[in-house]
Novice: 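Below: one structure in structure tokens.
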Amino acid sequence: MNIAFIGLGNMGGPMARNLVKAGHAVTVFDLNQEAVASLVSEGARTAGTPAEAAREASFVLTMLPAAAHVEAVLTGPQGVLTGVPKGVPIVDCSTIDPATARRLAEKAAAHGNPFADAPVSGGTGGAAAGTLTFMVGADEALFKQAQTVLQAMGKNIVHCGGVGTGQVAKICNNLLLAISMIGVSEAMSLGASLGIDPQVLAGIINTSSGRCWSADTYNPYPGIIETAPASRGYTGGFGVDLMLKDLGLATDAAKGVKHPLMLGALAQQLYQMWSQQGQGKLDFSSIIQLYEPPQ
């Protein structure tokens with residue numbers, strides 16, 4: 001299949017790489033020419049604009065930092081909708097607000113293109129391993145069509161409902177992820193301060209009622225999990241500013257339906273404080289350093 005893939009960041013790059021490995025003809029676009037060159041060296045083709053990338057595509061995927069980027073890539077002067085043939089599906093894997101996803105679906109439909117939102121969970125490790133979970137908001141026909149492509153990048157492809165529901169699932173998941181990461185950070189930091197070996201404490205948590213993904217897969221304490229960002233200086237993961245963005249999406253959506261988010265609001269303030277201290281590029285698990293930094 002001819003696939004246009006736009007957005008080669010920490011998540012998009014490995015995702016596009018897995019499409020190449022699966023045998024698809026992948027044309028990539030990103031402003032980061034180093035990221036583009038890396039994919040081209042592995043068999044992808046390059047394009048000068050999103051429109052050019054989409055011109056001969058039979059499927060378009062986008063993976064971008066925020067709603068403004070998705071809107072610009074799809075609807076800008078050199079955007080996807082100025083080049084993509086009618087009828088070609090467009091699937092956005094970014095995490096944006098449900099309202100924007102639905103508005104972009106309307107614009108794509110007016111051009112003659114079906115649109116789905118399919119944000120992901122699983123982190124950079126899942127992106128590299130091809131084990132991501134995709135939360136897909138689409139009609140049944142497009143979902144079935146998208147599955148054949150998404151399965152090259154993920155293990156769990158879930159149909160959440162109509163357009164926008166993928167984003168609802170993602171912002172609720174990341175709301176919980178932020179809260180749980182702060183909880184694990186607090187517990188691990190307290191345990192270390194009270195004198196227990198952090199490895200022992202982590203082992204107990206991970207076989208007891210406190211077990212969660214933030215503890216057993218992505219533990220924020222350095223040295224607990226070799227593959228976690230905490231063991232490489234909190235680099236190369238899911239950035240603090242990206243988590244802060246997702247918490248903003250959750251709290252804004254909650255305001256729209258007058259739903260209380262007490263812990264979510266607190267998590268947002270803690271990540272905002274950490275970002276304001278200049279740590280926005282670090283992995284979100286670095287929030288543990290708001291407590292006494294581990295030694």
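Nothing here was measured: the structure is a model prediction, and the numbers come from that model.
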Novice: Should Y221 and I288 count as side-chain neighbours, where that means a heavy-atom distance under 4.5 Å?
Specialist: yes

Novice: Could I get the full list of side chain to side chain contact (heavy atoms under 4.5 Å, CB included) partners for T46, not counting sequence neighbours?
Specialist: V36, V40

Novice: Tell me, please, which residues at least two apart from K155 pass side chain to side chain contact (heavy atoms under 4.5 Å, CB included).
Specialist: T131

Novice: For E140, does the CD atom have more than 12 heavy-atom neighbours from other residues, nucleotides or ligands under 6.0 Å away?
Specialist: yes

Novice: Shared ILVMFWY cluster between L19 and M1, side chains joined below 4.5 angstrom?
Specialist: yes

Novice: Would a single hydrophobic cluster contain both L242 and M63, if residues Ile, Leu, Val, Met, Phe, Trp and Tyr are joined by side-chain heavy-atom contacts under 4.5 Å?
Specialist: no

Novice: Are I196 and I225 connected, step by step, through hydrophobic side chains (Ile, Leu, Val, Met, Phe, Trp, Tyr) whose heavy atoms are closer than 4.5 Å?
Specialist: yes

Novice: Hey, mind stepping through D246 and N174 against side chain to side chain donor-acceptor pair (under 3.5 Å) and telling me if it holds?
Specialist: CA-CA 7 Å; D246 288 0; N174 275 24; 2.7 Å; yes

Novice: Check G87 against N113 and note the closest heavy-atom contact, atom names and distance.
Specialist: N-ND2, 3.5 Å

Novice: Examine M262 and L177 and state if one hydrophobic cluster contains both, with Ile, Leu, Val, Met, Phe, Trp and Tyr joined whenever side-chain heavy atoms are less than 4.5 Å apart.
Specialist: no

Novice: Who pairs with A25 by side chain to side chain contact (heavy atoms under 4.5 Å, CB included), at least two apart in sequence or on another chain?
Specialist: N2, R45

Novice: For I224 and Q199, run side chain to side chain contact (heavy atoms under 4.5 Å, CB included): C-alpha distance rounded to whole Å, both residues' side-chain angles, the deciding distance at 0.1 Å, then the answer.
Specialist: CA-CA 6 Å; I224 300 297; Q199 283 284 7; 3.8 Å; yes

Novice: Would you mind reporting whether V26 and L39 have side-chain heavy atoms less than 4.5 Å apart?
Specialist: no

Novice: From the options S180, S285, S185, select the one residue that forms a side chain to side chain contact (heavy atoms under 4.5 Å, CB included) with S214.
Specialist: S180

Novice: Can you measure from CD1 (I179) to CG (L266) and round to the nearest 0.5 angstrom?
Specialist: 8.5 Å

Novice: Who pairs with E52 by salt bridge (Lys or Arg N to Asp or Glu O under 4.0 Å), at least two apart in sequence or on another chain?
Specialist: none

Novice: Considering only heavy atoms from C-beta outward, does the side chain of T165 approach that of M135 to under 4.5 Å?
Specialist: no

Novice: Could you tell me whether a side-chain N or O of S286 sits under 3.5 Å from a main-chain N or O of L282, the two making a donor and an acceptor?
Specialist: no

Novice: Residues two or more places apart in sequence or in another chain: which of them pass side chain to side chain contact (heavy atoms under 4.5 Å, CB included) with A22?
Specialist: H24, A152

Novice: Would T95 and K170 count as having a side-chain donor-acceptor pair, cut-off 3.5 Å?
Specialist: yes

Novice: State which residues pass ring pair (Phe, Tyr, Trp, His ring centres under 6.0 Å) with Y218; sequence neighbours excluded, sorted by chain then number.
Specialist: W213, F284

Novice: Is it true that the side chains of D97 and T100 contain a donor and an acceptor less than 3.5 Å apart?
Specialist: yes

Novice: Mind checking whether I205 and M188 have side chains closer than 4.5 Å, heavy atoms only?
Specialist: yes

Novice: With a 4.5 Å heavy-atom cut-off, do Y291 and S193 have their side chains touching?
Specialist: no

Novice: Kindly give the cluster partners of L64, where membership spreads through any ILVMFWY side chain lying under 4.5 Å from a current member.
Specialist: I6, F29, L31, V60, V70, V73, L74, V80, L81, V84, V88, I90, I96, L104, F115, V163

Novice: Do side-chain atoms of K281 reach the backbone of G239 as a donor and acceptor pair under 3.5 angstrom?
Specialist: no

Novice: Other than L176, what residues sit in its cluster of Ile, Leu, Val, Met, Phe, Trp and Tyr side chains whose heavy atoms are under 4.5 Å apart, directly or through others?
Specialist: none

Novice: Is M11 close to L132 at the side-chain level, that is, under 4.5 Å between some pair of heavy atoms?
Specialist: yes

Novice: What pair of heavy atoms forms the shortest contact from S231 to G223, and how long is it?
Specialist: OG-N, 3.1 Å

Novice: Nearest 0.5 angstrom please: H159 NE2 to L142 CG, how far?
Specialist: 8.5 Å

Novice: Step by step, would you call M15 with C93 a side chain to side chain contact (heavy atoms under 4.5 Å, CB included)?
Specialist: CA-CA 10 Å; M15 290 166 67; C93 299; 4.2 Å; yes

Novice: So, does E56 use its side chain to make a donor-acceptor pair with the main chain of A53 at under 3.5 Å?
Specialist: no

Novice: Using a 3.5 Å cut-off and no angle test, enumerate the donor-acceptor pairs between side-chain atoms of residues 143-150 and protein atoms at least two apart in sequence or in another chain.
Specialist:
residue: T148; atom: OG1; partner: Q145; partner atom: O; Å: 2.9

Novice: Supply the atom-to-atom distance M181 CE to D283 CG, rounded to the nearest 0.5 angstrom.
Specialist: 7.0 Å

Novice: Using 0.5 Å steps for rounding, measure from the CE atom of M273 to the CD atom of Q268.
Specialist: 12.0 Å

Novice: Quick one: closest heavy-atom pair of V136 and A116, and the distance?
Specialist: CG1-CB, 4.4 Å

Novice: Are the side chain of H69 and the backbone of A66 linked by a donor-acceptor contact shorter than 3.5 Å?
Specialist: yes

Novice: Keeping the roles fixed (side chain from N219, backbone from A215), state whether a donor-acceptor pair exists under 3.5 Å.
Specialist: yes

Novice: At their closest point, which heavy atom of P89 faces which heavy atom of S58, and how far apart are they?
Specialist: CD-O, 3.5 Å

Novice: I'd like a table of donor-acceptor pairs (distance under 3.5 Å, sequence neighbours excluded) in which one partner is a side-chain atom from residues 247-258, with atom names and distances.
Specialist:
residue: T251; atom: OG1; partner: L247; partner atom: O; Å: 3.0
residue: T251; atom: OG1; partner: G248; partner atom: O; Å: 3.1

Novice: Show the nearest heavy-atom pair for residues S275 and D241, with the distance to one decimal.
Specialist: OG-OD1, 2.6 Å

Novice: Taking only residues two or more places apart in sequence or in another chain, which ones pass salt bridge (Lys or Arg N to Asp or Glu O under 4.0 Å) with R232?
Specialist: none

Novice: Do D197 and L201 have side chains that approach each other closer than 4.5 Å (heavy atoms only, starting at C-beta)?
Specialist: no

Novice: Could you state the interatomic distance from OG (S94) to CG (L61), rounded to the nearest 0.5 Å?
Specialist: 10.0 Å

Novice: To the nearest 0.5 angstrom, please state how far the CG atom of L263 sits from the CG atom of L175.
Specialist: 8.5 Å

Novice: Looking only at atom types and distance, does a side-chain atom of N18 sit under 3.5 Å from a main-chain N or O of A127, one as donor and one as acceptor?
Specialist: yes

Novice: Does M153 form a side chain to side chain contact (heavy atoms under 4.5 Å, CB included) with V120? I'd like the steps, not just the answer.
Specialist: CA-CA 10 Å; M153 301 177 289; V120 304; over 6 Å; no

Novice: Is the shortest heavy-atom distance from the side chain of L270 to the side chain of L290 under 4.5 Å?
Specialist: yes

Novice: Can you pull out every side chain to side chain donor-acceptor pair (under 3.5 Å) where at least one residue sits in residues 8-17? Sequence neighbours excluded, please.
Specialist: R17-S38, R17-E42

Novice: Test R103 against E71 for side chain to side chain contact (heavy atoms under 4.5 Å, CB included), laying out the working first.
Specialist: CA-CA 10 Å; R103 187 173 68 252; E71 193 140 19; 2.9 Å; yes

Novice: Do you know which two heavy atoms are closest between G164 and P98, and how far apart they sit?
Specialist: O-CB, 3.8 Å

